2 protein chains.
Amino acid sequence: MTQDAFSETLITTASDQVFVDMRREIVEGSIEQGSKISEPELAKRYGVSRATLREALNRLESCYLVERKANVGCRVVALTAERLIEVYQVRSALEGLACRLAADNMAPDEVQSLKQLLNQHLQTQRVKEGESYYQEAGDLDFHYRIIKGSKNDHLIHLLSNGLYQLIRMYRVQMGMVGPRVSKAFDEHLAIINAIENHDGELAELLMKRHIRASQANIQTKFNLHAAQNERAEQ
Amino acid sequence: MTQDAFSETLITTASDQVFVDMRREIVEGSIEQGSKISEPELAKRYGVSRATLREALNRLESCYLVERKANVGCRVVALTAERLIEVYQVRSALEGLACRLAADNMAPDEVQSLKQLLNQHLQTQRVKEGESYYQEAGDLDFHYRIIKGSKNDHLIHLLSNGLYQLIRMYRVQMGMVGPRVSKAFDEHLAIINAIENHDGELAELLMKRHIRASQANIQTKFNLHAAQNERAEQ
DNA sequence: TTCTTTAAGATTGTCGACAATTCGTATTGA
DNA sequence: TCAATACGAATTGTCGACAATCTTAAAGAA
């Protein structure tokens with residue numbers, strides 16, 4: 001029994017393993033967005049029976065990475081502009097809430113530890129300029145810690161097991177290593193300060209604004225991406 | 001192929017049917033909250049194989065009505081005071097968002113139809129005082145229409161396939177037929193007016209307040225319920 | 001007695017095969 | 001040439017049986 005990094009999923013059964021593996025492949029694009037999933041084919045590829053694979057597919061559906069139709073089958077979600085907007089509207093509302101709750105419920109040592117993490121990120125970034133570490137894993141870590149700081153288990157589950165994989169999928173496949181790094185750092189700092197001051201209202205507002213900026217950033221990349229694809233199709 | 005009333009679930013397969021049936025039994029309390037679910041027993045009861053039942057269990061887990069542990073099994077969620085608070089915090093944020101979006105995106109005829117529905121409810125309620133129709137199905141219908149009015153498919157799915165069954169479970173099992181009917185009606189009216197005026201900010205605020213009042217109401221019943229159970233155990 | 005160990009029973013996880021449905025193709029008719 | 005239909009291949013849904021794991025309870029040691 002081992003543990004998965006991104007959602008703290010305990011891996012005990014074979015279907016757990018297939019679930020985590022497929023999730024990574026979908027998020028990273030090894031399994032192409034919008035593509036049809038053949039149960040017999042994938043079962044053979046992962047070396048498990050169809051029952052086990054179907055169990056994994058069910059859980060991928062729960063976190064919005066695949067869509068099923070009865071008697072027709074499964075396909076990977078398509079990354080559309082509309083869906084991006086929808087998901088970010090929901091994310092903004094939920095993480096805003098998480099931030100407000102965290103201002104009340106986060107333990108002092110959790111806050112200190114998060115501030116420390118931010119400093120660490122800043123230095124790492126200054127030393128190895130251009131590395132994408134902060135932007136990808138670091139940003140996720142920051143958000144994840146605040147989400148956990150809300151102490152609302154339902155909310156935590158909704159975000160980390162539900163929305164975040166889809167958000168990661170957009171970020172990874174759009175190649176998010178943009179120039180928003182230092183700006184995002186300042187925003188993160190302001191948010192953690194508001195939380196430290198137990199100013200939930202401000203923390204919520206700042207987080208919503210931060211997420212809106214992030215959305216705009218991804219949307220730009222998305223349009224660029226879409227334009228490239230159009231050109232490629234001609 | 002038929003259709004389910006509460007979440008517009010298309011019922012095509014056997015597991016669909018089991019899912020909808022079990023969901024109703026759990027929400028209504030026929031299958032007791034917190035109880036362990038035996039796969040062989042329930043499979044026999046519904047006249048399906050374990051594979052079919054497990055498919056249904058997976059989907060019940062997706063809407064938070066059962067919880068699974070690997071190699072241990074499934075139990076129905078326990079209705080605790082803590083969970084009630086958590087769920088309502090999330091509900092407030094999400095339906096607040098839905099309301100704000102609905103102020104922009106709801107079609108004029110949808111708004112008119114909803115106003116008409118409200119009037120109809122008012123009259124039904126006045127004529128048959130004491131009937132619980134409005135409180136249960138009517139209230140749900142009102143909220144559901146606004147959620148759909150947001151035109152955000154992800155949000156719609158999150159609420160109607162995810163949270164609402166759990167909320168219904170609390171309401172039904174706490175016996176929500178209280179005296180909040182006429183007050184809720186006024187609040188509903190204010191909300192739909194704000195939506196009609198495209199005042200998303202106000203609509204969001206009013207909805208959040210409305211949900212907070214509803215939460216307080218349920219919480220009161222819950223404590224009453226808990227006190228009764230304590231007395232019964234002595 | 002209390003704690004640990006062990007074995008039996010029951011439950012869940014996984015598998016391969018069969019049944020039901022859908023999809024692509026070819027054939028037929030206008 | 002096009003539309004509709006019917007057939008066959010492939011895919012999904014469902015089943016019953018076996019393997020792996022957990023739980024319970026009894027037996028033994030401290």
Side-chain angles (χ1 to χ4, degrees), chain A residues 1-4 7 9-23 25-26 31-32 34-78 161, chain B residues 1-4 7 9-23 25-26 31-32 34-78 161:
Chain A
M1 174 155 85
T2 158
Q3 203 183 20
D4 171 59
S7 66
T9 309
L10 286 172
I11 298 168
T12 50
T13 67
S15 64
D16 287 337
Q17 188 64 58
V18 174
F19 166 63
V20 171
D21 288 348
M22 280 193 74
R23 190 178 62 183
E25 291 203 67
I26 290 174
I31 301 179
E32 199 180 8
S35 65
K36 174 105 172 38
I37 286 178
S38 160
E39 292 183 5
E41 183 193 322
L42 279 188
K44 203 167 71 180
R45 182 161 137 215
Y46 285 105
V48 295
S49 76
R50 268 184 60 223
T52 303
L53 185 93
R54 281 166 67 85
E55 178 86 24
L57 288 180
N58 274 321
R59 293 165 62 186
L60 288 170
E61 190 185 16
S62 302
C63 53
Y64 313 108
L65 294 182
V66 307
E67 290 164 345
R68 299 186 87 178
K69 271 190 216 159
N71 287 316
V72 173
C74 228
R75 27 179 84 251
V76 181
V77 291
N161 289 80
Chain B
M1 176 157 82
T2 156
Q3 203 182 21
D4 172 60
S7 65
T9 310
L10 286 172
I11 299 169
T12 50
T13 68
S15 63
D16 287 337
Q17 187 65 57
V18 174
F19 167 63
V20 171
D21 288 348
M22 281 193 73
R23 190 178 62 182
E25 291 203 67
I26 290 175
I31 301 179
E32 199 179 9
S35 65
K36 175 104 170 37
I37 285 177
S38 160
E39 292 183 6
E41 183 193 323
L42 278 189
K44 203 167 71 179
R45 184 164 135 215
Y46 285 105
V48 296
S49 76
R50 269 184 59 223
T52 304
L53 185 93
R54 281 165 67 84
E55 178 87 23
L57 288 179
N58 274 322
R59 293 165 62 185
L60 288 169
E61 190 185 16
S62 302
C63 54
Y64 313 108
L65 295 182
V66 308
E67 290 164 346
R68 300 185 88 177
K69 271 189 215 159
N71 288 317
V72 173
C74 228
R75 33 177 81 251
V76 181
V77 292
N161 289 80

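These figures come from a predicted structure and were not determined experimentally.
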Original post:
Given axes from five pairs at either end, by how many degrees does the helix from C/dT1-D/dA30 to C/dA30-D/dT1 bend, rounded to 10°?
Top reply: 10°

Original post:
When the distance from NZ of B/K69 to C1' of D/dT23 is rounded to whole Å, what number comes out?
Top reply: 13 Å

Original post:
If only side-chain N and O atoms of B/R68 are considered, is one of them under 4.0 Å from the OP1 or OP2 phosphate oxygen of C/dT11?
Top reply: no

Original post:
Going by number, which of residues 35-56 of chain A have a non-hydrogen atom under 4.0 Å from DNA chain D?
Top reply: A/K36, A/I37, A/E39, A/P40, A/R50, A/R54

**OP:** Report the distance from atom CG of B/L57 to atom C1' of C/dT11, rounded to the nearest whole Å.
**Re:** 13 Å

Original post:
Can you tell me how far P of D/dT12 sits from CZ of A/R75, to the nearest Å?
Top reply: 11 Å

Original post:
Just how far, in rounded Å, is P of D/dT21 from CG of B/N71?
Top reply: 7 Å

Original post:
Quick one: are A/C63 and A/F19 in side-chain contact, heavy atoms under 4.5 Å?
Top reply: yes

Original post:
Nearest of C/dC23, D/dG13, C/dG13 to any side-chain atom of B/T13?
Top reply: D/dG13

Original post:
What pair of heavy atoms forms the shortest contact from B/I31 to B/M22, and how long is it?
Top reply: CD1-CE, 4.2 Å

**OP:** Give me the one residue out of A/D21, A/V20, A/V18 that meets side-chain contact (heavy atoms from CB on, under 4.5 Å) with A/I11.
**Re:** A/V20

Original post:
Roughly how many Å is it from CG in B/N58 to P in D/dG13, rounded to a whole number?
Top reply: 13 Å

Original post:
Does any donor atom in the side chain of B/S62 or A/S62 lie under 3.5 Å from an acceptor atom in the other side chain?
Top reply: yes

Subject >> Nearest heavy-atom neighbours spanning A/G34 and A/R75 >> reply: O-NH1, 2.6 Å

Original post:
Does a sphere of radius 6.0 Å around NZ in B/K44 hold more than 12 heavy atoms from other residues, nucleotides or ligands, not counting ones at 6.0 Å or beyond?
Top reply: no

Subject >> Neighbour count above 12 (heavy atom, 6.0 Å) for A/E32 CD >> reply: no

Original post:
Can A/E55 and B/R54 be said to form a salt bridge (charged side-chain N to carboxylate O under 4.0 Å, His left out), step by step?
Top reply: CA-CA 9 Å; A/E55 178 86 24; B/R54 281 165 67 84; 3.7 Å; yes

Original post:
Can you name the nearest heavy-atom pair linking B/I26 to B/L60, along with the distance?
Top reply: CD1-CD1, 4.1 Å

**OP:** Considering just the side-chain nitrogens and oxygens of B/S15, establish if one lies under 4.0 Å of OP1 or OP2 belonging to D/dG13.
**Re:** no

